[in-house]
Participant: 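Before anything else, here's the structure in question.
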Amino acid sequence: MILAIETSDIVCSVALWDAEKKQTILESNLELPMQHATLLASVVENALRFVEQTISDNLGFEKKIELVAVSVGPGSFTGLRIGLSFAQGFCFANRLPIVGISNHQVLAKQVRRPREQLYTMIDARREEVYLAKLEFSPEGYPEIVEHDIVLRQRLPEVLQSGAVLVKPFFHELDAEILQKLKLKGVTVHYKGEYLARLIANLGHAKFKKYGADDLKKIEPLYIRPFAGVQ
């Protein structure tokens, strides 16, 4: 069973995912901004207790955590640190492997028919966005091949005709930008979400392909440096 954690934005999302069945056992999504530090430990504890006490053995679900997958952003500096610090502590205490998954990968995974020109966009504030280009491996795992910070207004210049852009539903783009993207032939997917079950799915694929990340060295994907990073 995989424990997945997402705390990079407004939702505190936790999922337990059966790797063998490739099925979500439980997922909790709490949209309570600025409360991740207070909520996360209790949400994980309640989820584990629910599975242990409620899920019948004859259903055949895994009950033992074998891997932790955690969002590494980009996103809220504080939120990322909360999720990653908890995941690291949990893994140290239980001697478990860990994998970090970027929110760019989570957004890309929600495109049903991946194209060569696939981009994902995450709000970076200051009228800027984190923009990433991704390609899918033969196994269907999205790999980040380019990432940068660009001004929102420059998106129609940067993206090529025929590209697909995926953005979270809670990060807005001005109507003028959307119109320019449409005229250029860029398809925009508006309804991207950060969900722990998707992080679990991607974490399973990453672990199979590359193995675990270094528990002591895993870091958030900040892209833009800030005072807390040397």
Side-chain angles (χ1 to χ4, degrees), residues 1-9 11-30 36 40-41 43-45 47-48 51 61-76 79-112 114 118 120 122 130 132 134-145 147 166 168 192-222:
M1 182 168 65
I2 296 175
L3 167 64
I5 297 169
E6 153 56 32
T7 57
S8 69
D9 213 285
V11 175
C12 178
S13 183
V14 171
L16 296 173
W17 195 79
D18 190 305
E20 184 175 340
K21 294 179 179 293
K22 295 186 178 180
Q23 184 175 343
T24 305
I25 303 171
L26 176 149
E27 184 177 59
S28 294
N29 297 302
L30 301 177
H36 295 347
L40 183 55
V43 172
V44 171
E45 181 181 352
L48 294 173
V51 169
F61 285 113
E62 301 171 351
K63 288 191 175 182
K64 181 180 178 182
I65 294 178
E66 297 179 342
L67 176 67
V68 175
V70 60
S71 169
V72 293
S76 161
L80 289 169
R81 278 295 180 190
I82 290 169
L84 187 54
S85 295
F86 178 88
Q88 286 175 300
F90 190 92
C91 289
F92 273 120
N94 295 280
R95 298 183 179 181
L96 294 169
I98 191 171
V99 289
I101 298 297
S102 169
N103 288 337
H104 287 299
Q105 294 174 293
V106 173
L107 292 172
K109 190 66 175 176
Q110 295 169 64
V111 178
R112 292 185 178 181
L118 174 62
T120 55
I122 296 171
Y130 300 113
L134 298 98
E135 296 178 354
F136 280 78
S137 71
E139 301 83 12
Y141 181 74
E143 304 271 12
I144 298 174
V145 294
H147 62 76
V166 188
E193 297 181 272
Y194 301 158
L195 298 173
R197 66 174 180 268
L198 299 176
I199 292 173
N201 186 310
L202 288 164
H204 175 62
K206 179 178 178 178
F207 186 69
K208 286 179 63 178
K209 188 176 180 65
Y210 297 113
D213 288 326
D214 188 317
L215 185 55
K216 295 180 180 179
K217 296 181 179 179
I218 185 172
E219 288 283 343
L221 180 64
Y222 287 127

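Along the sequence shown, residues are numbered consecutively beginning with 1.
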Participant: To the nearest 0.5 Å, what is the distance between OG1 (Thr120) and CD1 (Ile122)?
Facilitator: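 That separation rounds to 5.5 Å.
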Participant: Testing the basics here: between Gly79 and Ser76, what is the closest heavy-atom pair and its distance to 0.1 Å?
Facilitator: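 Heavy atoms of Gly79 and Ser76 come nearest at N-OG, 3.0 Å.
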Participant: Considering residues at least two apart in sequence or located in another chain, which fulfil the salt bridge (charged side-chain N to carboxylate O under 4.0 Å, His left out) criterion with Glu66?
Facilitator: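 Salt bridge (charged side-chain N to carboxylate O under 4.0 Å, His left out) list for Glu66, sorted by chain: empty.
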Participant: Any idea which heavy atoms bring Leu26 and Ala47 closest together, and the distance?
Facilitator: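 Distance-wise, the nearest heavy atoms are CD2-CB, 3.6 Å.
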Participant: For the pair Lys64 (side chain) and Met1 (backbone), establish whether a donor and an acceptor sit closer than 3.5 Å, ignoring hydrogens and angles.
Facilitator: no
Participant: Drop me the distance from Leu48's CG to Leu3's CG, to the nearest 0.5 angstrom.
Facilitator: 6.5 Å
Participant: Could you give the distance from NZ (Lys206) to CG (Asn201), rounded to the nearest 0.5 Å?
Facilitator: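 So the NZ of Lys206 and the CG of Asn201 are separated by 14.0 Å.
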Participant: Treating Lys109 as the side-chain partner and Gly140 as the backbone partner, does any N or O pair qualify as donor plus acceptor under 3.5 Å?
Facilitator: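 Yes, Lys109 side chain to Gly140 backbone: donor-acceptor pair under 3.5 Å.
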Participant: What's the spacing between Gln105 CD and Ile199 CD1 if we round to 0.5 Å?
Facilitator: 10.0 Å
Participant: Only counting residues at least two apart or in another chain, list the ones meeting salt bridge (charged side-chain N to carboxylate O under 4.0 Å, His left out) with Lys208.
Facilitator: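 Lys208 satisfies salt bridge (charged side-chain N to carboxylate O under 4.0 Å, His left out) with no other residue.
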Participant: Could I get the full list of side-chain hydrogen bond (donor to acceptor under 3.5 Å, both in side chains) partners for Ser102, not counting sequence neighbours?
Facilitator: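 With neighbours one apart ignored, the set is empty.
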Participant: Ignoring hydrogens and geometry, is there a side-chain-to-backbone donor-acceptor pair from Asp9 to Val11 under 3.5 Å?
Facilitator: no
Participant: Among residues two or more places apart or on two chains, list those pairs meeting side chain to side chain donor-acceptor pair (under 3.5 Å) that have a residue in residues 83-96.
Facilitator: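 Sorted result for residues 83-96: empty, none.
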Participant: Assess the side chains of His36 and Thr7: does a donor N or O sit below 3.5 Å from an acceptor N or O?
Facilitator: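 Absent: no donor and acceptor within the cut-off.
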Participant: Closer than 3.5 angstrom, by distance alone: can the side chain of Glu135 be matched with the main-chain N or O of Val145 as a donor-acceptor pair?
Facilitator: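 The answer is no, because no donor-acceptor pair under 3.5 Å joins these two groups.
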Participant: According to ring-ring contact (aromatic ring centres under 6.0 Å, His included), does anything in residues 199-218 pair up with another residue at least two apart or in another chain? List the pairs.
Facilitator: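 Matches after skipping sequence neighbours: Trp17-His204.
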Participant: Would you find a donor on one side and an acceptor on the other, under 3.5 Å apart, between the side chain of Glu27 and the backbone of Arg197?
Facilitator: yes
Participant: Taking side-chain hydrogen bond (donor to acceptor under 3.5 Å, both in side chains) as the test, write out the residues that go with Asn103, two or more places apart.
Facilitator: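 For Asn103 the side-chain hydrogen bond (donor to acceptor under 3.5 Å, both in side chains) partners, ignoring immediate neighbours, are Ser8, Ser71.
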Participant: Only one of Ile218, Val70, Ile101, Val72 passes side chain to side chain contact (heavy atoms under 4.5 Å, CB included) with Asp213; say which it is.
Facilitator: Ile218
